[in-house]
Every structure is written in C-alpha cells, then in structure tokens.
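To keep things clear, I will list the structure first and then write my remarks on it.
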Amino acid sequence: MTYKRKDGRKNDEMRSPIIAKVGIVPNADGSAMFQIGKTIAIAAVYGPKKMHPQHSQNPERGTLRCTYNMLSFSVEDRIRPGPSRRSTEISKITQWALDPVVMLNNYPNMVVDVHISITQADAGTRCAGINAAAMALAHAGIPMRDMVSSVAVGKMDKTIVLDLDKYEDSEFEDGEGSTDIPMSFTNNGEMTHLQLDGKITKEQLKEAAKMAQKASKEIYEIQKKALKESLGDLK
Ligand code: UDP
C-alpha cells in the first residue's frame, strides 16, 4: 500500500509556507525566525562574550552554547516551563549541528550564546530551530564557513516522506512504520547532524538522506534571501 499524505502533499514536498526573517530581536547581536507550516522558531544570538563560569572557559577556542526552549503555549496541551530531558537533548543536538561551521578559533575563553524559542510547535521544531539559529549566527557576524539547513524525513507505512507534520509524526507512533530522521547539511552538502528514531534499511536511509539534502538546498536559498534582505540597500 502506498502512503497518501492527509494534507495532499507529494512525498518529497515540504510544508508551506516557509518563511524566514532576519533581525527580529533588536536587543540581540543577531536574530532570526524560521517558519515551516505551523512550526515557528525564533533564535537570538548574544556574544561573543566572556564565558562564565570561568572553569567552563576553553583557552583554545570560543564555545558555542545553544539553548532550546518550547514555549508553554506552543502546543495545545500546555507544556511545563523550564528545562526538560527533551529540551536538554535538543539544545545539545543543535550545538553539534552548528559547531562544524562556526569559526571560534579567534575567541578563546569566550562564548556565543544562541537562545532558541519555539513559539508554535507542529513537529520539526529542532530543524526549524537549527535553521533560525544558523541565520541568527550569520546576522550576528559570527565567522562561519557555511550555512546550515535542516529538515526531517520520515518513513510512513514503508514510504519515505519529507518534513512530517505533527499528525504524521504521531500517526504511526506505535506502528512498525514509524521513523523520524532529522538531518542538517551545509550548503556544501556535508551532513552535520542526523538522528534516527525507529527502524530503516540501508537503502531507505540513503533515499532519505538524498531527499533531505535536496530539500536543504531549497531551505538554504530561503535563508540566503532573508539574510540579503536584512542588509537592505547595502550594496
Ligand atoms: N510535542 C508536544 N509536547 C511535548 C513535546 C513535543 O506536543 O512536550 C509535539 C510538538 O508538536 C513537537 C512534536 O511533538 O513539534 C514532535 O516532537 P519531537 O520530540 O519529535 O521533536 P521535533 O519534531 O519537534 O523536532
């Protein structure tokens, strides 16, 4: 049986709208928002600044520190405020997805803080957060060797589909077909992050990576356009 998507999307089609904006938090050194379907992430960057506490300082290079937080009313069932196991995991994952592109060698003992807030959650929030964070870092003028663009691929009833929404994410939660694979890529095509939750064959994983990589290019173009727009008339 071929899986038919409830919202009528093609298997390799992302949700719409995809909206990216840069410079939305005036007090931050850099900021951005990224929306995909009903999922909205906002990222604010502060720094580079002296790392506190002092024992966390790295004399070799600056540190990237990411904090992911889903706001209480971002989903229908109110979420208890404050850190959770899930938010701690996603904060780390975000850091690892972005670390390969940020060049903090010239900032020993310093930290760049990235605060990600999910204002609306409809699945794919870690990917939206990574997309917003990458733009906010660039907006803050942090030296980067590339952009990072992130999207999830899922396996629904043995079919590989792009960018699951919450309905799809939970539909097959207990069935054998449920697999969710968030991935992040540089524009150069290097993968900086992959998470695999469920079962998948080697061939299907290859197919999923290919699909996500192609979609990441589309996301990159949207990020680039938003960054260019933030420069206004600057030639
Ligand atoms: N979710 C929720 N309450 C929670 C955690 C998650 O309602 O405490 C929903 C939310 O819509 C989220 C989705 O479940 O986007 C999928 O969460 P997951 O942990 O798979 O991460 P995500 O896909 O958002 O990166």
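Residue indices begin at 1 and follow the sequence shown. Both ligands and their constituent atoms are indexed starting at 1 by order of listing.
When only interatomic distances are considered, the shortest N/O to N/O separation between G124 and ligand 1 falls below 3.5 Å. When only interatomic distances are considered, the shortest N/O to N/O separation between R126 and ligand 1 falls below 3.5 Å. Checked against a 3.5 angstrom limit, the closest N/O atoms of A121 and ligand 1 fall inside it. In terms of polar-atom proximity, A123 is counted as a contact of ligand 1, with an N or O under 3.5 Å from an N or O of the ligand.
Ranking the protein heavy atoms by distance from atom 9 (C) of ligand 1 puts K166 CE, 3.4 Å first. Nearest protein neighbour of atom 19 (O) of ligand 1, counting heavy atoms only, is R86 NE, 2.7 Å. Regarding atom 7 (O) of ligand 1, its nearest protein heavy-atom neighbour is V75 CG1, 3.3 Å. Protein heavy atom nearest atom 20 (O) of ligand 1, with residue, atom name and distance: D169 OD2, 3.5 Å.
T186 contributes no side-chain N or O that, together with a main-chain N or O of M147, makes up a donor-acceptor pair within less than 3.5 Å.
Residues V25 and Y68 do not share a hydrophobic cluster, clusters being chains of Ile/Leu/Val/Met/Phe/Trp/Tyr side chains in contact below 4.5 Å. In this structure, I24 is not a member of the same hydrophobic cluster as I222, with clusters built from ILVMFWY side-chain heavy atoms closer than 4.5 Å.
Both the backbone and the side chain of T125 come within 4.0 Å of ligand 1, judged by heavy-atom distances. Of the heavy atoms in D197, none comes closer than 4.0 Å to ligand 1.
Between E221 and K224 there is a salt bridge, since a side-chain N of the basic residue sits under 4.0 Å from a carboxylate O of the acidic one. In this structure, D122 does not pair ionically with K166, as no charged nitrogen and carboxylate oxygen lie closer than 4.0 Å. At a threshold of 4.0 Å, the pair D165-R5 does not count as salt-bridged, since none of the basic side-chain nitrogens sits closer than that to a carboxylate oxygen. Taking a cutoff of 4.0 Å between a charged side-chain nitrogen and a carboxylate oxygen, K49 and D113 qualify as a salt bridge.
For M70, the closest heavy-atom approach to ligand 1 falls below 4.0 Å.
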* Are S149 and S216 close enough, and set up right, to give a side-chain hydrogen bond (donor to acceptor under 3.5 Å, both in side chains), and what steps lead you there? -> CA-CA 5 Å; S149 313; S216 75; 5.4 Å; no

